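Working notes, beginning with the structure itself.
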Protein chains: 2
Amino acid sequence: MSNPSTLTTSLQKAGMRVTPQRVAICELLANSHEHPTAAMIYEELKPRFSSLSLATVYNTLDALVTLGAVNVLGHAGDDTVHYDADTEPHVNLACISCSRIIDIPSEHVTHLDAEITAASGYKLLGARVLYYGLCPECQKKQIEITRN
Amino acid sequence: MSNPSTLTTSLQKAGMRVTPQRVAICELLANSHEHPTAAMIYEELKPRFSSLSLATVYNTLDALVTLGAVNVLGHAGDDTVHYDADTEPHVNLACISCSRIIDIPSEHVTHLDAEITAASGYKLLGARVLYYGLCPECQKKQIEITRN
DNA sequence: TACAAATTTAGAATAATTATAAATAAAAGC
DNA sequence: GCTTTTATTTATAATTATTCTAAATTTGTA
């Protein structure tokens, strides 16, 4: 849950048009805790924009990522890339069985940005701090499967 | 550059056979700083194993990841997944233009594992601490392109 | 040596993502 | 307001990383 206008203004600053589709994608990203994939965004917006194309979703996501306004978390047990509009330093925790991603607050990540910039000379665009494993529920299921 | 036998023994412990192909894949992973992709591993080993199949590389990587012996870093500007045999806490830094990934030492990441395990109840299998941006060389190139 | 189980292989299949070209919408100039 | 230009969206085709499948091979065991 971050500020939707942060995303749209970053498009605007880059000289890109703020179209209804882009606004909707930005809002959905900003209001979501789900770390959605392109397909999830597409499905959620289809009812409102009946002619929406997946290509538009991908294009908008790419633009936001290149501008550093959205982070690419990568796969989470599925084959699809998850995105995160919350660029404040935090830890993402994925379950590779049910492919859900949750946020974990952490004091330590807040220092990484400065540390890396100082050490590397890179121009940082985003972060992917994602730990993965099995959530408590999927651990239970695994044990049940093993028993059979 | 980690210990190759760590990888092979983790396969062994899981009841899997330690075949020549798997040994070669483990050695390559352990001796590499390149954070290789499946295709890179395949190409490097092809000369030695003329009949090597990409499926074998993917299968072995999947097994190692599931066992927590290798980390999946995800995409790095290309469309291919990069792997890291160094599971000691550290920061990976990718350039999304040339798709190279380097390591950055960091005091802060060493604490994350414990912090996350304590807070979540997840069974952790791996970490993906990857920052991305533009390396110094690619920043120069970008500026040259912009000038034209 | 012979048997059973695991693994490798080659190639086909899948599906996420990207590219293309036409249609549409928005901005700028007049 | 109309025209021109440019950016964007859309639908669809193309690409390609990865997974699946079934046959062939290898390995471990007795």
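Predicted model, so just to flag it, every value in this text is computed and none were measured. We name chains A, B, ... by the order of the sequence lines, and we start the count at 1 in each one.
Atom pair A:I41:CD1 and C:dT17:P shows a separation of 11 Å (rounding to whole Å applied). One atom, CG of A:D78, and another, P of D:dT19, lie 11 Å apart when rounded to the nearest Å. Residue A:K46 contributes atom NZ, which lies 14 Å from atom C1' of D:dT9 at whole-angstrom precision. If you measure from atom CD of A:Q12 to atom P of D:dT8, you get 12 Å, rounded to the nearest angstrom. The interatomic distance linking A:L52 (CG) with D:dT8 (C1') rounds to 12 Å, in whole Å. Distance CD1 (B:I25) to C1' (C:dT7): 12 Å, rounded to an integer number of Å. When rounded to the nearest whole Å, the span between CG of A:L54 and P of C:dA15 equals 15 Å. We find that CE of A:M40 is positioned 13 Å from P of C:dA16, with the value rounded to whole Å.
Of the residues listed (A:D86, A:N71, A:N92), the one engaging A:H35 in a side chain to side chain donor-acceptor pair (under 3.5 Å) is A:N92, and it is the only one.
Contact annotation: B:T19 reaches the phosphate of C:dT8 (side-chain N/O to OP1 or OP2, under 4.0 Å). For D:dT10, the OP1/OP2 oxygens have a side-chain nitrogen or oxygen of A:Q21 closer than 4.0 Å. Proximity of B:S51 to the phosphate of C:dT9: a side-chain N or O atom is located under 4.0 Å from OP1 or OP2. Between A:R22 and the phosphate of D:dT8, there is a side-chain N or O to OP1/OP2 separation shorter than 4.0 Å.
Map B:T80 and A:N59 each onto its nearest nucleotide of DNA chain D; the residue landing nearer the 5' end is A:N59. Along DNA chain D, the nucleotide nearest to B:V81 and the one nearest to A:Y42 differ in position, and the one closer to the 5' end is contacted by A:Y42. The nearest heavy atom of DNA chain C to B:R17 and to B:H75 marks one nucleotide each, and the one closer to the 5' end goes with B:R17.
Considering only side-chain atoms of A:A55, the nucleotide from D:dT19, C:dA5, D:dA11 that sits closest is D:dA11. In this structure, of C:dT9, D:dT9, D:dT27, it is D:dT27 that holds the atom nearest to the side chain of B:P20. Among D:dT19, D:dT9, C:dA6, the nucleotide with an atom closest to any side-chain atom of A:D79 is D:dT19. The nucleotide whose nearest atom lies closest to any side-chain atom of B:M16 is, among D:dT10, C:dT9, C:dT7, C:dT7. Residue A:Y58 has its side chain nearest to C:dT18 when only D:dT10, D:dT8, C:dT18 are considered. Side-chain proximity of A:D62 to the nucleotides D:dT8, C:dT18, D:dG28 is greatest for C:dT18.
Taken to the nearest 0.5 Å, the NE2 atom of A:H82 stands 10.0 Å off from the CD atom of A:E34.
Base contact: B:T56 has a heavy atom under 4.0 Å from a base atom.
Residues A:L54 and A:V72 share a hydrophobic cluster, clusters being chains of Ile/Leu/Val/Met/Phe/Trp/Tyr side chains in contact below 4.5 Å.
You'll find the side chain of B:Y131 reaches within 4.5 Å of the side chain of A:V129, heavy atoms only. Inter-residue side-chain proximity for B:L29 and B:L64 is flagged as met; some heavy-atom pair is nearer than 4.5 Å.
Atom CD of A:E115 has more than 12 heavy atoms from other residues, nucleotides or ligands within 6.0 Å.
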